[in-house]
Structure formats: C-alpha cells, structure tokens
Amino acid sequence: MSKAIVIDVARCSGCYNCQLACKDEHVGNDWSPYAKPQPEIGQFWAKVHEYVCGTIPKVKIHYIAKMCNHCERPACKESCSENAIYVRDDGFVIIDTDKCNGCKKCLDACPYGEIWYNEELKLAQKCTGCAHLLDNGYKLPRCIEACPTDAMVFGEEDELKELISGAVALKPETGLRPRVYYRNIPGQFIAGTVYDPAEKEVVIGARCRLNFGGKNWETFTDSYGDFWFKDLPVGKFDVFIEAKGFAEKYFYDVNTEQSVNLGDIPLDKK
C-alpha cells in the first residue's frame with residue numbers, strides 16, 4: 001500500500017521544525033543507498049515557504065511545507081537513463097545513490113523543483129520519506145514527527161481518505177498523481193476600511209458586496225469599519241459599498257491575482 005502525507009495549512013504555525021528535523025536527520029549522515037549526506041547549506045529536502053498576502057494593515061500570512069511529492073507516475077523516474085530512480089512498494093520515490101550519474105535530467109523533469117544537485121558528490125538528491133527509518137521500525141518520517149501542531153499527517157493513503165477528501169495536490173494538471181496533499185490553502189482576499197471623512201469616524205455596519213462571474217458575496221463592516229472577503233478565486237471583482245445616509249461607493253475590476261487591500265475608503269454624505 002502507498003503512503004501519503006496530508007498537510008493542514010491552517011494548522012501550520014511556521015515554526016520550521018519540519019525543515020530543521022530534515023536537516024538534522026540528513027546533514028552529515030550517510031543513509032546509502034537511499035541518500036548520501038545532505039549539504040549543510042543550499043538544500044532543503046523539506047522546506048517551509050512563507051506567503052505574505054495583502055498590504056499593511058490588511059495582511060494575512062500562511063506557511064506551506066513542501067517536499068518531494070512521491071508521485072505515482074514520477075516524471076523524474078521516466079527521465080532517468082540509468083534506472084537510478086525507482087518507486088518502492090510503499091510509494092516512496094527513491095534515487096539510488098549507487099546508480100545516479102549526476103546527469104541532472106531528473107532536476108529538469110520534476111515540475112515541483114524538489115530535486116537538488118549535490119555539486120560535491122555529483123548526484124541528485126531529494127526527500128526519501130525517511131525510508132531508512134521506516135525500514136527499521138520507525139512509524140514516522142522525521143519532519144512529521146517534529147510537527148508540534150499536528151499539521152502533518154502520515155499514513156496509508158487508503159486510510160487517510162477522509163482527510164484527503166477536500167484536500168488538493170500541487171499541480172494536479174501534470175497527471176503525475178502526487179501523494180502529498182494540502183488542506184485549507186487560503187484563497188485570495190479583498191479587504192478595506194470604510195470611514196466617514198466628515199466625522200472622522202469609521203462606518204460600522206456598511207453593506208459590502210462582491211460580484212464575479214454571476215456569483216455574489218456579501219458582508220458588513222465590523223466595529224473597526226473593516227470588511228474582509230476571504231478565500232476568493234482569482235478573477236476581476238466588482239466591489240460595492242453601501243451605508244445609510246451615504247452615497248454608494250464602487251470599485252470595478254479588482255484583480256485578485258494577489259490579495260487586495262483597498263485601504264481606507266471614504267464615503268460621501270448624500
């Protein structure tokens with residue numbers, strides 16, 4: 001049966017423990033034929049990526065840990081002319097350190113950029129799923145064992161079906177069928193603060209609406225005059241703001257390729 005990893009982005013605190021645990025396990029340690037020692041610098045077989053969305057003061061930050069996706073149909077394996085890359089019975093994709101000739105074809109083939117080249121040893125390297133530990137009775141790879149918030153779950157893919165349902169894999173369009181899944185990756189947001197410039201006060205309870213592709217969203221400003229539309233798809237939205245006694249305010253074609261802070265929005269009295 002194939003192993004899988006499910007990562008809940010909403011639970012990740014950005015502590016970097018998974019990244020550090022991977023370095024601790026592989027730097028200076030030779031786990032051949034699964035992996036030669038990882039270089040001290042330059043390579044991160046498990047790496048936490050920080051995403052800062054919006055602009056001050058409307059900012060949201062989330063973290064996504066990335067590693068080899070251990071694909072069911074790995075492009076790296078197909079690219080290797082030395083048959084140095086193989087898939088274990090448990091689904092982990094391994095680069096045989098004894099067979100790799102350092103041609104770098106697998107680096108070009110991986111759509112995730114998760115294969116690294118060791119200049120000193122002249123071979124390709126990446127996450128092994130800590131196969132050497134699993135072979136010796138350990139139940140978890142080091143990165144997952146080190147996670148203090150249980151944001152990372154490891155197990156048999158069939159047994160994780162409930163968690164995988166509603167999760168997404170990165171770049172599913174490749175057709176490689178990656179086995180690392182992500183839950184709760186936040187979408188884009190549109191936010192702002194509505195205020196009355198004459199009274200120099202925020203406007204509470206203003207009705208804020210979005211329109212995109214025939215679909216509508218609605219919310220109201222809070223006690224700070226703020227509004228947030230979260231988890232939006234990428235597109236061009238029309239934004240309408242209404243409040244009793246004020247003229248309607250609107251913004252057309254607000255592009256959510258990135259999250260948008262509309263800033264302080266003054267409303268004019270009728």
Side-chain angles (χ1 to χ4, degrees), residues 6-16 47-66 111-113 149-151 162-174 181-270:
V6 182
I7 299 174
D8 190 338
V9 174
R11 296 180 68 93
C12 179
S13 64
C15 69
Y16 291 84
K47 183 174 176 60
V48 176
H49 297 258
E50 179 185 80
Y51 295 86
V52 180
C53 304
T55 55
I56 294 173
K58 301 292 188 296
V59 175
K60 296 290 184 183
I61 300 175
H62 65 275
Y63 305 89
I64 299 180
K66 297 180 181 179
Y112 303 101
T149 62
D150 294 328
E162 187 174 337
L163 284 176
I164 291 172
S165 176
V168 299
L170 301 181
K171 299 186 178 181
E173 68 277 5
T174 62
Y181 300 91
Y182 294 88
R183 296 177 59 85
N184 298 314
I185 297 178
Q188 309 292 54
F189 69 74
I190 296 175
T193 302
V194 181
Y195 75 100
D196 178 350
E199 299 295 330
K200 297 183 180 180
E201 293 181 348
V202 298
V203 178
I204 300 170
R207 182 189 182 201
C208 305
R209 296 182 292 117
L210 290 186
N211 180 274
F212 167 67
K215 186 175 180 180
N216 296 291
W217 291 258
E218 181 179 276
T219 191
F220 295 86
T221 55
D222 61 18
S223 56
Y224 300 98
D226 294 338
F227 67 89
W228 295 81
F229 291 99
K230 300 177 182 178
D231 293 324
L232 300 173
V234 173
K236 292 185 178 180
F237 290 76
D238 296 331
V239 183
F240 304 92
I241 302 172
E242 309 166 15
K244 186 176 180 180
F246 295 92
E248 183 181 49
K249 195 87 170 186
Y250 50 83
F251 301 85
Y252 292 123
D253 292 335
V254 177
N255 193 331
T256 57
E257 286 186 5
Q258 296 182 349
S259 292
V260 178
N261 172 20
L262 292 172
D264 295 336
I265 304 168
L267 297 186
D268 298 323
K269 297 279 190 181
K270 282 186 177 178

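Side-chain contact check for Tyr224 versus Thr193: every heavy-atom pair is 4.5 Å or farther apart. A heavy-atom distance below 4.5 Å is not found between the side chains of Phe240 and Lys249. Contact annotation: the side chain of Val168 approaches that of Ile185 to within less than 4.5 Å [non-hydrogen atoms, C-beta and beyond]. Looking only at side-chain heavy atoms (C-beta outward), Asn255 and Val260 stay at 4.5 Å or farther from each other. With contacts defined as side-chain heavy-atom distances shorter than 4.5 Å, the pair Pro57/Asn261 qualifies. In this structure, Ile241 and Ile265 have side chains that are in contact, with non-hydrogen atoms separated by less than 4.5 Å. Under the 4.5 Å side-chain criterion, counting only non-hydrogen atoms from C-beta, Lys236 is not in contact with Val254. In this structure, the side chains of Asp238 and Asp253 come closer than 4.5 Å at one or more pairs of heavy atoms.
Summarising the local packing, NZ of Lys269 is surrounded by more than 12 heavy atoms from other residues, nucleotides or ligands at distances under 6.0 Å. Heavy atoms from other residues, nucleotides or ligands lying under 6.0 Å from CD of Glu248 number more than 12. The environment of Glu50 atom CD is dense: over 12 non-hydrogen atoms of other residues, nucleotides or ligands sit within 6.0 angstrom.
Side-chain N or O atoms of Tyr112 include one that pairs as donor or acceptor with a backbone N or O of Leu170 at under 3.5 Å. Looking at Tyr181, its side chain never comes within 3.5 Å of a backbone N or O of Leu163 through a donor-acceptor pair. Side chain of Arg183 to main chain of Ser165: a donor-acceptor pair is present (N/O by atom type, distance under 3.5 Å, no hydrogens or angles). Of the possible donor and acceptor atoms, one in the side chain of Thr221 sits under 3.5 Å from a partner among the backbone N and O of Val203. Between the Thr256 side chain and the Pro233 main chain, a donor and an acceptor come within less than 3.5 Å of each other. Formation of a donor-acceptor pair under 3.5 Å by the Thr149 side chain with backbone atoms of Arg11 is found in this model.
Counting all heavy atoms, side chain and backbone alike, Asp231 lies closest to Gly187 at OD1-N, 2.9 Å. In plain terms, the two heavy atoms of Glu257 and Gln188 that are nearest each other are O-NE2, 2.8 Å. The two residues Tyr63 and Cys12 come nearest to each other via the heavy atoms CB-SG, 3.6 Å. Nearest approach of Gly54 to Ser259, heavy atoms of both residues: N-CB, 3.8 Å. Residues Pro111 and Lys171 come closest through the heavy atom pair O-NZ, 2.6 Å. Residues Lys270 and Ala247 approach most closely at CG-N, 3.7 Å, considering heavy atoms.
With salt bridges taken as basic N to acidic carboxylate O contacts below 4.0 Å, one links Lys58 and Asp226. Of the charged side-chain nitrogens involved, at least one lies within less than 4.0 Å of a carboxylate oxygen, so that Glu242 and Arg209 count as a salt-bridged pair.
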Set out, in order, the CA-CA distance, both residues' side-chain angles and the distance that settles side-chain contact (heavy atoms from CB on, under 4.5 Å) for Ile64 and Tyr182, then state yes or no. CA-CA 9 Å; Ile64 299 180; Tyr182 294 88; 3.5 Å; yes

If you apply the rule side-chain contact (heavy atoms from CB on, under 4.5 Å), what do you find for Lys244 with Phe246, and how did you get there? CA-CA 6 Å; Lys244 186 176 180 180; Phe246 295 92; over 6 Å; no

Evaluate side-chain contact (heavy atoms from CB on, under 4.5 Å) for Val202 paired with Val194, printing each intermediate quantity in order. CA-CA 6 Å; Val202 298; Val194 181; over 6 Å; no

side-chain contact (heavy atoms from CB on, under 4.5 Å) between Leu267 and Asp196, worked out: CA-CA 6 Å; Leu267 297 186; Asp196 178 350; over 6 Å; no

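The only option from Phe229, Tyr250, Trp217, Phe251 that meets the ring-ring contact (aromatic ring centres under 6.0 Å, His included) definition with Phe237 turns out to be Trp217.
Note that CD1 of Ile204 is 8.0 Å distant from CG of Asp222, once rounded to the nearest 0.5 Å. To the nearest 0.5 Å, atom OG1 of residue Thr55 and atom CD of residue Gln258 are 10.5 Å apart.
A ring-centre distance under 6.0 Å is found for Trp228 and Phe189.
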